Amino acid sequence: MSGPELARRVPTVPDHVDLDELEAEQRELARKVRIEDDLDDPETVAGFDVGYQGPRGFGALVVARLDDGTILETLETVTEVPMPYIPGLLAFRELPVLRELWPETTEDPDVLIVDGGGLIHPRRLGSASHAGVELDVPAIGVTKNLLLGEVHGSLADQGDVAEIVDDGERLGYAYRSCTRPNAKHPVYVSPGHRITAETSLEIVRGLCSGRSKLPDPVQAAHRAAARLKRYHDQVDR
DNA sequence: GCGACAG
DNA sequence: ATCTTGTCGC
């Protein structure tokens with residue numbers, strides 16, 4: 001056999017999965033992305049997030065009103081995840097869960113916010129863009145960490161905004177959303193599809209109550225997914 | 001060749 | 001993301 005096992009950086013992927021094909025698919029879908037406002041007086045927003053445990057994904061979609069934040073609908077599902085996490089290919093791990101939930105909503109959300117990037121992506125097709133194109137809905141990407149790009153500007157105070165630039169392109173904004181003074185890291189916002197970076201920031205800004213770094217609907221989805229997972233922890237034994 | 005690397 | 005006790009703070 002071989003010598004000491006080296007830590008595996010590249011997770012094992014199913015035999016039928018071809019990483020080059022997935023990247024090619026992203027390049028193709030990226031051509032369909034439209035970074036321009038195509039929302040008419042948006043009234044409702046959907047926040048999406050997934051929690052993981054082994055081969056299963058616990059997803060939640062929370063639909064809320066944009067004006068006062070009232071939650072209109074919370075949908076949950078448990079699904080087998082087909083892919084390990086690979087930087088740049090998050091959508092192939094996350095979107096199967098969203099595909100289960102999206103058809104179930106009765107609110108027909110005007111905009112979708114995904115816990116993942118939009119333009120901030122090596123091929124300019126983060127999971128938010130991928131979802132937006134596939135579901136044909138205005139979509140915004142929000143993350144707690146940066147996949148790529150540089151923050152241009154200061155984020156000294158809460159409310160501060162700085163541009164995210166990569167390869168000379170402005171891909172989105174870093175926004176210090178949390179009102180807690182010890183909130184060190186900002187939230188990274190980038191347009192996914194059928195929306196601009198400015199409008200994305202404006203919408204996210206209006207959804208940040210200040211108690212959480214993430215916009216409320218996404219945070220609510222995060223909590224719902226976590227609860228669902230805990231529930232399965234107890235029952236599945 | 002060596003690191004970095006959304007969730 | 002997840003593995004994990006206590007702990008600081010509103």
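Nothing here was measured: the structure is a model prediction, and the numbers come from that model. A note on names: the letters A, B, ... follow the listed sequences, proteins ahead of strands, and every chain is numbered from 1.
The shortest heavy-atom contact between A/G117 and A/S190 is C-OG, 3.9 Å. A pairwise comparison of heavy atoms in A/P103 and A/R99 identifies CD-O, 3.0 Å as the closest pair. Pairing each heavy atom of A/G59 with each of A/L228, the nearest pair is O-CD2, 4.1 Å. Across every non-hydrogen atom of A/V81 and A/G54, the tightest pair is CG2-O, 4.2 Å.
Salt-bridge check for A/R194 with A/D136: passed, with a basic side-chain N closer than 4.0 Å to an acidic carboxylate O.
Summarising the hydrophobic clusters (Ile, Leu, Val, Met, Phe, Trp, Tyr; side-chain heavy atoms under 4.5 Å, direct or chained), the residues clustered with A/V45 are A/L39, A/L66, A/V111, A/I113, A/I140, A/V142, A/V161, A/Y173, A/Y175, A/V187, A/V189, A/I195, A/L201, A/I203, A/V204, A/L207, A/L214, A/V218.
For the pair A/D166 CG and B/dA6 C1', the interatomic distance rounds to 14 Å; values are reported in whole Å. With rounding to whole Å, A/L98 atom CG is found 20 Å from B/dA6 atom P. The CG-P distance, from A/D115 to B/dA6, rounds to 12 Å in whole Å. Per the geometry, NE2 belonging to A/H185 stands 12 Å off P belonging to B/dG7, to the nearest Å. One interatomic measurement links the two molecules: CD of A/E150 to C1' of B/dA4, which rounds to 13 Å at whole-angstrom precision. To the nearest angstrom, C1' of B/dA6 lies 14 Å from CZ of A/F48. Between the CZ atom of A/R124 and the C1' atom of B/dA6 there is a distance of 14 Å, given to the nearest Å. Atom CD1 of A/I120 is separated from atom C1' of B/dA4 by 16 Å (rounded to the nearest Å).
Taking OH from A/Y188 and CD1 from A/I164, the interatomic distance works out to 6.0 Å, rounded to the nearest 0.5 Å. The distance from atom CD of A/Q219 to atom CZ of A/R211, rounded to the nearest 0.5 Å, is 9.0 Å. To the nearest 0.5 angstrom, A/R65 atom CZ is 5.0 Å from A/T70 atom OG1.
No continuous path of hydrophobic side-chain contacts links A/L148 to A/Y85 [ILVMFWY only; heavy atoms under 4.5 Å].
Surrounding CZ of A/R123 are more than 12 heavy atoms belonging to other residues, nucleotides or ligands, all under 6.0 Å away.
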> Reading DNA chain C 5' to 3', how would its secondary structure be written in dot-bracket notation, given Watson-Crick and G-U pairs with both distances under 3.5 Å, brackets [ ] for crossing pairs and | for partners on other strands?
Replying inline: ..........

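In the 5' to 3' direction, nucleotides of DNA chain C lying under 4.0 Å from heavy atoms of chain A begin and end at C/dA1 to C/dT2.
Counting heavy atoms from C-beta outward, A/P122 and A/L147 have side chains that approach closer than 4.5 Å.
Of the listed residues (A/K32, A/E25, A/R31), just one forms a side chain to side chain contact (heavy atoms under 4.5 Å, CB included) with A/E28, and that residue is A/R31.
Among the protein residues, A/L89 comes within range of the nucleic acid bases, having at least one heavy atom under 4.0 Å from a base atom.
Within residues 137-149 of chain A, the residues approaching DNA chain B are A/T143, A/K144, A/N145, A/L146, A/L147, by heavy-atom distance under 4.0 Å.
Residue pairs meeting the side-chain hydrogen bond (donor to acceptor under 3.5 Å, both in side chains) criterion with at least one partner in residues 138-151 of chain A, sequence neighbours excluded, do not occur; the list is empty.
Of the side-chain N and O atoms in A/Y52, none sit less than 4.0 angstrom from OP1 or OP2 of B/dG7.
Paired runs in DNA chain B never reach 3 or more consecutive Watson-Crick or G-U pairs with both distances under 3.5 Å.
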